[in-house]
Amino acid sequence: MNVFKDAVARELPWLSAIGADPDGGITRLLYSPAWLETQRELRKQMAQSGFETYFDAVGNLFGRVVGSRYPDEVVLSGSHIDTVVNGGNLDGQFGALAAWIAIRWLNETYGAPLRTLEVVSLAEEEGSRFPYVFWGSKNILGHANPDDVREICDAQGIRFVDAMRECGFTLPNAPLKPRNDIKAFIELHIEQGRVLETNQQSIGVVTAIVGQRRYTVTLSGESNHAGSTPMSYRRDTVQAFSRICVESIGKARLAGDPLVLTFGKVEPQPNTVNVVPGKTVFTIDCRHTDGRQLIAFTGQLERDMQAICREMNIEIDIDLWMDEAPIPMNAGLVSKLERVCRQQDICYRMMHSGAGHDAQIFAEAVPTCMIFMPSIKGISHNPAEATDINDLALGVKTLAMMLYELAYKPEE
C-alpha cells in the first residue's frame, strides 16, 4: 500500500495545480489553456516513465505499454481530465492519474504485460464549457458527430471549432473511426455520494449506471390579483406544482431504493408577492437501475400530474427531453473485480452509480467496469471534494490488481 500512497502524494499535487482557482478548487474547461497544459504535462510525465504517448484527433491523450504476446489487444483505463467550474481535484482527473500510477507500477514490478495496457486522459466529459457531453469517449467509439458541435459556442461566444483549433486540433469532417482493439475498459472514480463512507467500506464494485429521465413541465393557469381573487376562483400554478411535488416524492419514497426523484428547478411567473402565479415551469429528474421500473414509475408520474391539473383547471405541457436507459457493467468483469477484492481482503460493496460516467459510453461497445472510492461527506463538484489518501491508495491498488488480471494472465 505504501508504494501507492507515496505515488498519490507525489503526483496528485502537481496535477491539481494546473487550472487551480485562487480561492480554491480547479477550473479546467475543454480546449482552454489550463486544459491544454494539463494534457501536455501528463503526456510528458508518462513519456518520462517509458510510456508510448500520443493524442488522437480531438485531444484524447493516451499512454501505453505494449503487450509482449497480444499487442493488438488493449486493456484501457482512465477518466476525463476536464472539470466543472470551480470543481474539486478528484472527479475525473484522479481516474486518469491512477491508471498511469497503476500501469507504471505493474510495468516496473512485472515487466511488459501480455496484452497492451493503455492510459486514457479523456478530453471532456462534463459539458461545462460547451453544450455537449462525453466528447472524449464518444469520439473513441465513433459515436460523436462533428456536425453536432460545428456551430456551438461557449458562454463568451467562442466557437467550439475555434477553441479546438487554438489547442492544435481540427474538427474532423466525419465521425472518427471507432477503435476495435479495446478488449476492456476500467474506470476508477470517486463515488460522489456517501454510501461507502456511511457503511465504512473502501471500495465500490459498480454493477450498473442508472438510467435517467428528465422533464421540463409547464403549468399554465391564470395570473390575477392576490387580494381580490377569492381562493375558489383561482387557477394557481404554484398550488398545482406543490401538489405534484409532494405527492410524487411521497410515491418515490414508497418505491424505495434505487429509485430517486428530484424537482430541481422551479420558476413561478410572474414571481411577485401580490399576484397569483399563472405560470410555473419546473424540472424533474428521475433515475433507476432498472429500465422497466423507471419507465413504469415516470409513466404513472405523468398520468398523476395530468389528473391533478384536470382537477384544478390547469393546462400542462410535459417535455421529456432526456431518456437514457440504465447501463449494466460487464458481468464477467464485475465478477473478476469482486474476486480481486476478496483476494486482497478489501472491504467492498456491490453498488450502482447514481451519476453518469464515461464508463456508460464505453459499456455500449466494449466490456466495461467501474471501481468507486469513498467521497468524504459525499461532496463532489466542489473545492471541498475529498477522499482519505488511504482510500485513494487502495483504489489505485485495486485498479492495479484488476489490470494485472486482465493484461498479465493468459485467458482463462
Side-chain angles (χ1 to χ4, degrees), residues 19 21 25-36 38-39 56-61 79-88 91-93 121-176 189 192 209-218 262-267 281-287 317-325 327 353-362 364 380-382:
D21 294 328
I26 300 173
T27 300
R28 188 188 298 147
L29 307 183
L30 177 63
Y31 300 140
S32 67
W35 174 92
L36 182 60
T38 304
Q39 292 289 65
D56 69 8
V58 301
N60 290 312
L61 170 64
S79 193
H80 59 97
I81 204 68
D82 67 312
T83 72
V84 298
V85 174
N86 198 223
D91 177 16
Q93 74 164 12
S121 177
L122 291 159
E124 187 275 340
E125 185 252 25
E126 296 285 5
S128 296
R129 182 177 185 185
F130 299 99
Y132 192 100
V133 294
F134 299 119
W135 175 245
S137 51
K138 285 181 176 178
N139 272 284
I140 292 172
L141 299 173
H143 294 171
N145 184 348
D147 290 340
D148 291 340
V149 299
R150 201 175 302 278
E151 302 301 328
I152 64 175
C153 299
D154 66 10
Q156 282 69 48
I158 299 172
R159 298 172 68 229
F160 187 100
V161 292
D162 293 334
M164 190 176 186
R165 190 178 300 113
E166 282 292 314
C167 289
F169 303 100
T170 302
L171 186 70
N173 292 320
L176 297 183
H189 207 284
Q192 299 178 288
I209 297 174
V210 294
Q212 300 184 42
R213 301 192 107 194
R214 294 185 185 179
Y215 296 85
T216 297
V217 180
T218 303
T262 303
F263 291 81
K265 182 178 182 180
V266 185
E267 296 178 328
V281 180
F282 61 93
T283 63
I284 301 174
D285 179 313
C286 190
R287 309 187 188 199
D317 177 75
I318 301 172
D319 177 20
L320 174 62
W321 55 269
M322 176 187 281
D323 189 4
E324 298 286 346
I327 303 294
S353 172
H357 296 285
D358 287 295
Q360 72 193 62
I361 306 300
F362 280 99
E364 297 178 11
S380 184
H381 285 189
N382 184 311

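Here the structure is a predicted model, which is why all the values come from computation and not from measurement.
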If every non-hydrogen atom of Y31 is compared with every non-hydrogen atom of F169, which pair is closest and at what distance? CE2-CD1, 4.3 Å
So, does S137 use its side chain to make a donor-acceptor pair with the main chain of I361 at under 3.5 Å? no
Apply the test side chain to side chain contact (heavy atoms under 4.5 Å, CB included) to residues W35 and L29: give CA-CA distance (whole Å), side-chain angles for both, the deciding distance (0.1 Å), then the verdict. CA-CA 6 Å; W35 174 92; L29 307 183; over 6 Å; no
Do E124 and H80 have side-chain heavy atoms sitting under 4.5 Å apart? no
Expected output: side-chain T27 to main-chain V85 donor-acceptor under 3.5 Å: no
Non-hydrogen atoms of T83 and S128 that approach each other most closely: O-OG, 3.4 Å
Please answer whether the main-chain N or O of K265 pairs with a side-chain N or O of T283 as donor and acceptor at a distance below 3.5 Å. yes
For P175 versus G142, what's the shortest heavy-atom pair and its separation? CB-O, 3.9 Å
Do D82 and R28 come close enough that some side-chain heavy atom pair is under 4.5 Å? no
Before we go on, tell me: are the rings of F160 and W135 under 6.0 Å apart, centre to centre? yes
Kindly compute the distance separating CG (D317) from OH (Y215), expressed to the nearest 0.5 Å. 12.5 Å
Below 4.5 Å, heavy atoms only, C-beta onward: do Y132 and K138 meet side chain to side chain? yes
Regarding S121 and Q39, is there a side-chain donor-to-acceptor distance under 3.5 Å anywhere? yes
Which atom pair, heavy atoms only, marks the closest approach of P172 to P146? O-CB, 3.2 Å
N/O donor-acceptor pair under 3.5 Å between N60 side chain and G136 backbone: yes
Measuring only between side-chain heavy atoms, which start at C-beta, is L122 closer than 4.5 Å to I140? yes
Reported CG-to-CG distance for the pair D147 and L171, which is rounded to 0.5 angstrom: 8.0 Å
Between the CZ atom in R150 and the CG atom in N145, the distance rounded to the nearest 0.5 Å is 8.0 Å
Between atom OG1 of T262 and atom CZ of R214, what is the distance when rounded to the nearest 0.5 Å? 9.5 Å
Set out, in order, the CA-CA distance, both residues' side-chain angles and the distance that settles side-chain hydrogen bond (donor to acceptor under 3.5 Å, both in side chains) for H381 and D91, then state yes or no. CA-CA 7 Å; H381 285 189; D91 177 16; 2.8 Å; yes
Worked check of side chain to side chain contact (heavy atoms under 4.5 Å, CB included) between M164 and V58: CA-CA 8 Å; M164 190 176 186; V58 301; 3.8 Å; yes
Are I158 and R129 close enough, and set up right, to give a side chain to side chain contact (heavy atoms under 4.5 Å, CB included), and what steps lead you there? CA-CA 10 Å; I158 299 172; R129 182 177 185 185; 3.6 Å; yes
Between D285 and Q212, is there a side-chain heavy-atom distance shorter than 4.5 Å? yes
For the residue pair I284 and F263, establish whether any side-chain heavy-atom pair is separated by less than 4.5 Å. yes
For C153 versus P131, what's the shortest heavy-atom pair and its separation? O-CD, 3.7 Å
Taking the side chain as every heavy atom from C-beta outward, state whether H143 and E364 have any atom pair closer than 4.5 Å. yes
Counting neighbours of CD on E166 that are heavy atoms of other residues, nucleotides or ligands and sit closer than 6.0 Å, is the number greater than 12? no
Nearest non-hydrogen partners of G356 and Q360, listed with the distance: CA-OE1, 3.0 Å
